[in-house]
Amino acid sequence: RYDEPTIGSGVGVNGQTKSLNTYLSNGNYYLYDTTKAMNNQIRTYTSNNGTYLPGNYMTDTNNNFNASDQAAGVDAHYYAGLTYDYFYNNHNRNSFDGNGATIASTVHYQSNYNNAFWNGSQMVYGDGDGRTFIELSGALDIVAHEITHAVTTYSADLAYHNQSGALNESFSDVFAIIVEGDTNDWLLGEDVYTPGIYGDALRSMSNPEQYNQPAHMDDYYHSPDTKDGDWGGVHTNSGIPNKAFYHVASDIGFEKSGDIYYKALTQYLTSTSDFEDARVALEQSAIDLYGSGSELQAIKNGFDLVGIG
Ligand SMILES: O=C(NO)[C@]12CC[C@H](CC1)C2
Ligand SMILES: [Ca+2]
Ligand SMILES: [Zn+2]
């Protein structure tokens, strides 16, 4: 048999079996998805608990990725595909750069690593220490959050500090929630956070205060623009635009809010945009798409409620 695209199966971090787009080459099956538009590819690697990137392709001899050390790769691969499909099917965007860039993900990065990040070229996921986190690619909202950081880089490129940085974080949380698409799920990271504790999460869009984020400008967190200060508290102050999104999406739904937020991110926001600029960009996007109606009013209400004037 020749090299060819195949369909395999895998077991994810939380034990669910899922179908995978794989590739057969020289008798080995690769986590290499060639089914997307214009031969875009989704490639998933492992750094085998080291720090080499991208590391080695994750492969299997029988196209059934059901080993425990394959679960992180199964979910990174599958959830990258879902996120790709969201941006392509809803916004006609081919990959994070809009030009069919390959989505590369590496799992098993370092040991007991409680984090995941976009390094400017690819996705990188730790395994967690088993208490604070399990393998972080096991959460669709985290995968979509990280890939949206890449979309932002290739669009508004919101500078990662102070209010533009908090917007950068918030837009990643916004599309994470929309890609998950469950109007009862306003939580981030719940599928991989603290396996020993039921029902908690990293962040809440509906109730940011629950996880120590402000939900109003009156409680804006002034933090140093340093690494230790989380660059002016970008993961803290994101609670304020996150709460505004909660109001907007609760009003008009994920499809309309997704279209408004996507247009603002890709056509109006810039690297130095602040919270006020975001309100203006979202209002303008709502007007462009729907005129001066209920969608525009939803943006105004949401931002009024969090004190962004
Ligand atoms: O918000 C984040 N990055 O900007 C997180 C931090 C822990 C989860 C993985 C990456 C979410
Ligand atoms: Ca969630
Ligand atoms: Zn982030």
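Numbering of ligands and ligand atoms starts at 1, following listing order. All values below come from the heavy atoms of this structure, side chains included, with hydrogens, waters and symmetry mates left out.
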S.K.: Suppose I only count heavy atoms of His235 and a 4.0 Å limit; which atoms of ligand 1 are within that range?
M.R.: 1 (O), 2 (C), 3 (N), 4 (O)
S.K.: Decide whether the shortest distance between a heavy atom of Tyr160 and an atom of ligand 1 is less than 4.0 Å.
M.R.: yes
S.K.: Can you tell me which residue and heavy atom of the protein come closest to atom 10 (C) of ligand 1, and the distance to 0.1 Å?
M.R.: Glu146 OE2, 3.1 Å
S.K.: Do Glu169 and His149 get their side chains close enough for a donor-acceptor pair, meaning under 3.5 Å?
M.R.: yes
S.K.: With a heavy-atom distance limit of 4.0 Å, tell me whether Leu136 approaches ligand 1 through its side chain, its backbone, both, or neither.
M.R.: side chain
S.K.: Between Asn114 and ligand 1, which residue portion shows a heavy-atom distance shorter than 4.0 Å: side chain, backbone, both, or neither?
M.R.: neither
S.K.: Quick one: report the N, O or S atom of Glu169 that is nearest to the Zn ion (ligand 3).
M.R.: OE2
S.K.: Take Asp85 and Lys36 through the test salt bridge (Lys or Arg N to Asp or Glu O under 4.0 Å) and record every step on the way to the result.
M.R.: CA-CA 8 Å; Asp85 292 345; Lys36 303 307 182 188; 2.8 Å; yes
S.K.: Could you list which atoms of ligand 1 come closer than 4.0 Å to a heavy atom of His145?
M.R.: 1 (O), 2 (C), 3 (N), 4 (O)
S.K.: Check whether any N or O atom of Glu169, backbone or side chain, sits under 3.5 Å from an N or O atom of ligand 1, and answer yes or no.
M.R.: yes
S.K.: Angle class for the Tyr88/Tyr84 ring planes (parallel below 30°, perpendicular above 60°, tilted otherwise)?
M.R.: parallel
S.K.: Got the closest protein heavy atom to atom 1 (O) of ligand 1, with its distance?
M.R.: Arg203 NH2, 2.9 Å
S.K.: Enumerate the atoms of ligand 1 whose separation from the nearest heavy atom of Leu202 is less than 4.0 angstrom.
M.R.: 7 (C), 8 (C), 11 (C)
S.K.: Show which atoms of ligand 1 fall inside a sub-4.0 Å distance from at least one heavy-atom site of His149.
M.R.: 4 (O)
S.K.: Can a side-chain donor-acceptor contact be found between Ser9 and Asn64 if the only test is distance below 3.5 angstrom?
M.R.: yes
S.K.: Side chains of Asn28 and Thr59 only: does a donor on one sit below 3.5 Å from an acceptor on the other?
M.R.: no
S.K.: For the Ca ion (ligand 2), check which protein N, O or S atoms are under 3.0 Å away and list them.
M.R.: Asp141 OD2, Glu180 OE1, Glu180 OE2, Asp185 OD1, Asp185 OD2, Leu187 O, Glu190 OE1, Glu190 OE2
S.K.: Hey, what's the ring geometry for Tyr261 with Phe171, parallel, tilted or perpendicular (30° and 60° as the breaks)?
M.R.: tilted
S.K.: Any chance you could measure Arg93, atom CZ, to Thr266, atom OG1, to the nearest 0.5 Å?
M.R.: 7.0 Å
S.K.: Kindly indicate, with the supporting measurements, whether the criterion ring-ring contact (aromatic ring centres under 6.0 Å, His included) is fulfilled by Tyr30 and Tyr23.
M.R.: CA-CA 5 Å; Tyr30 289 70; Tyr23 198 84; 7.7 Å; no
S.K.: Which protein heavy atom lies closest to atom 6 (C) of ligand 1, and at what distance to 0.1 Å?
M.R.: Asn115 OD1, 3.8 Å
S.K.: Please determine whether residues Met58 and Tyr45 belong to a single hydrophobic cluster, defined as Ile, Leu, Val, Met, Phe, Trp and Tyr linked transitively by side-chain heavy-atom distances below 4.5 Å.
M.R.: no
S.K.: For the Zn ion (ligand 3), does an N/O/S atom of His235 lie at less than 2.8 Å?
M.R.: no
S.K.: Under a 3.5 Å cutoff, is there a donor and acceptor pairing between the side chains of Tyr32 and His77?
M.R.: no
S.K.: Start with the C-alpha distance between Arg279 and Asp304, add both sets of side-chain angles, then the distance that settles salt bridge (Lys or Arg N to Asp or Glu O under 4.0 Å), and finish with yes or no.
M.R.: CA-CA 10 Å; Arg279 173 176 176 143; Asp304 283 346; 2.7 Å; yes
S.K.: Tell me if the CZ atom of Phe117 is crowded by more than 12 foreign heavy atoms within 6.0 Å.
M.R.: yes
S.K.: Please verify whether a non-hydrogen atom of Gly189 lies at under 4.0 Å from ligand 1.
M.R.: no
S.K.: What residues form a side-chain hydrogen bond (donor to acceptor under 3.5 Å, both in side chains) with Asp277, not counting sequence neighbours?
M.R.: none
